[in-house]
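To find a chain, count down the sequence lines: A is the first, B the second, and so on, and within it residues start at 1.
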2 protein chains.
Amino acid sequence: MSTERIEAARERLGQYMVEQGKKNTRQRDLIVDVFLEVEGHHSLQELQVLVRQRVGTVGYATVYRTMKLLMDAGVAVERHFGSDAARFELAEFGTHHDHLICEACGKIVEFEDPVIEERQDQIARRHGFQVNRHRHEIYGLCAGCVGNVTDGA
Amino acid sequence: MSTERIEAARERLGQYMVEQGKKNTRQRDLIVDVFLEVEGHHSLQELQVLVRQRVGTVGYATVYRTMKLLMDAGVAVERHFGSDAARFELAEFGTHHDHLICEACGKIVEFEDPVIEERQDQIARRHGFQVNRHRHEIYGLCAGCVGNVTDGA
DNA sequence: GTGCATGCAAACGCTTTGCAGTCTG
DNA sequence: CAGACTGCAAAGCGTTTGCATGCAC
């Protein structure tokens with residue numbers, strides 16, 4: 001994860017905390033650190049486990065509320081792949097990307113494509129839509145799983 | 001909704017029913033009829049309401065299991081927009097489409113674009129992925145809502 | 001008749017919240 | 001100190017399922 005993105009996130013969060021009169025607590029700081037430092041797209045469960053690897057005591061509700069806070073601050077984004085639990089990732093500052101998801105091993109690769117973005121805008125325009133956001137996910141098998149998937153396993 | 005698509009769906013379902021030794025019941029037939037005839041993307045709740053407008057007695061579980069059956073038969077597809085309840089739509093036979101969703105009025109417009117499809121395949125290939133399926137949703141405001149959205153309302 | 005289908009109600013899994021106690025600023 | 005924050009436990013909500021009864025074939 002690029003350090004600049006993390007720094008940008010911390011900065012934005014810091015501002016938000018001040019503006020909203022939020023407080024820094026041991027748990028909150030910890031969850032934020034873990035979220036920012038661990039790459040990927042993690043569920044609340046996973047985040048809680050990761051946090052607990054560092055200290056022993058953080059409630060699920062606190063993780064939940066902290067991620068909500070991060071979303072309000074515009075630092076985190078919630079995603080739903082399949083019908084699993086929500087996953088969180090660092091918000092995009094200016095940039096944008098979509099996802100390739102391996103249905104066998106769960107691997108998630110990010111991609112972005114200006115051609116598709118452009119094309120989308122055209123389509124929306126043609127239908128009189130004003131685009132706010134979009135979501136584009138490609139599901140399949142990653143290179144490592146293509147050959148050796150017994151499905152059942 | 002084009003009659004051919006409905007017919008194709010009925011045919012496929014019929015075959016599946018026979019193959020699997022499934023039975024036709026009053027409720028099941030009714031749910032299937034409603035699902036096939038009512039356009040759009042409906043939730044189980046909505047489908048149950050629609051069915052009950054025709055007769056008085058169909059349990060939620062039956063709607064649930066019937067839609068599951070339709071999915072197994074390859075006649076229905078489940079979709080999740082936002083974090084709402086699942087919505088069902090008639091499966092695509094050969095074709096494929098994606099969605100434009102109005103965040104103000106809930107209107108859903110279907111679209112398809114070969115350029116995007118092609119581009120997707122390229123991207124997947126580049127990452128060593130074998131594509132199974134994808135999902136592409138564009139959220140925004142439809143023509144009717146662009147001007148007069150008070151947001152709060 | 002046999003066996004799938006139905007409907008109710010309860011179980012589930014994730015998400016969200018009330019509340020009493022704790023801690024930050 | 002006041003007001004936020006935490007953790008637990010319980011409530012919500014949509015989704016699934018067990019079971020006794022009913023119906024299609």
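Q120(A) and H134(A) form a side-chain donor-acceptor contact under 3.5 Å, judged by distance and modelled atom types alone.
A salt bridge does not link R5(A) with E7(A): none of the charged nitrogens is closer than 4.0 Å to a carboxylate oxygen.
Here salt bridge (charged side-chain N to carboxylate O under 4.0 Å, His left out) pairs that include residues 70-95 of chain A, with residues two or more places apart or in two chains, are E46(A)-R87(A), R79(A)-E89(A), R79(A)-E92(A). Legend: side chain to side chain donor-acceptor pair (under 3.5 Å) pairs involving residues 13-29 of chain A, not counting sequence neighbours, sorted by first then second residue: R26(A)-T57(A). The ring-ring contact (aromatic ring centres under 6.0 Å, His included) analysis of residues 97-127 of chain A, with sequence neighbours excluded, yields the pairs H41(A)-H99(A), F81(A)-H99(A), H97(A)-H99(A), F111(A)-H136(A).
Residues forming a salt bridge (Lys or Arg N to Asp or Glu O under 4.0 Å) with D98(A) (at least two apart in sequence, or on another chain): none. Not counting sequence neighbours, the partners of N132(B) by the side chain to side chain donor-acceptor pair (under 3.5 Å) test are E103(A). In terms of the salt bridge (Lys or Arg N to Asp or Glu O under 4.0 Å) criterion, D121(A) has no residue partners (sequence neighbours excluded). Here R65(A) pairs with A61(A) under the side-chain contact (heavy atoms from CB on, under 4.5 Å) rule; sequence neighbours left out.
Here the straight-line distance linking atom NZ of K107(B) with atom CG of L141(B) works out to 12.0 Å at 0.5 Å rounding.
Closest-nucleotide positions on DNA chain D for T57(A) and L44(B) were compared, and the one nearer the 5' end corresponds to T57(A). Mapped onto DNA chain C by nearest heavy atom, M17(B) and R52(B) fall at different nucleotides, with M17(B) at the one closer to the 5' end.
Taking the screw axis at each terminus of the helix from dG1(C)-dC25(D) to dG25(C)-dC1(D) from five consecutive base pairs, the angle between the two is 30° to within rounding of 10 degrees.
Bracketed by its first and final contacts, the part of DNA chain C lying under 4.0 Å from non-hydrogen atoms of chain B reaches from dG3(C) to dC8(C) in 5' to 3' order.
Side-chain N/O atoms of Y60(A) include none lying less than 4.0 angstrom from OP1 or OP2 on dT6(D).
Distances from the side chain of A86(B) to the nucleotides dT15(D), dA24(D), dA2(D) place dT15(D) closest.
Heavy-atom minimum distance, F129(A) versus I101(B): CE2-C, 3.6 Å. Considering all non-hydrogen atoms of both residues, V146(A) and Q130(B) come closest at CG1-NE2, 3.8 Å.
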Only distances under 3.5 Å count here; give the side-chain donor-acceptor pairs of residues 47-54 of chain A to other protein atoms, sequence neighbours excluded, each with its distance to 0.1 Å.
from   : atom 1 : to     : atom 2 : distance (Å)
Q48(A) : NE2    : V58(A) : O      : 3.1
R52(A) : NE     : V58(A) : O      : 3.3
R52(A) : NH2    : V58(A) : O      : 3.1
R54(A) : NH2    : E37(A) : OE1    : 3.4

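Of the residues in residues 61-74 of chain B, A61(B), Y64(B), R65(B), K68(B) come within less than 4.0 Å of DNA chain D through at least one heavy atom, sorted by number. Interface residues of residues 24-31 of chain A facing DNA chain D, ordered by number: T25(A), Q27(A), R28(A); criterion, heavy-atom separation under 4.0 Å.
Below the 3.5 angstrom threshold, one finds a donor paired with an acceptor across the side chain of K23(B) and the base of dA24(D).
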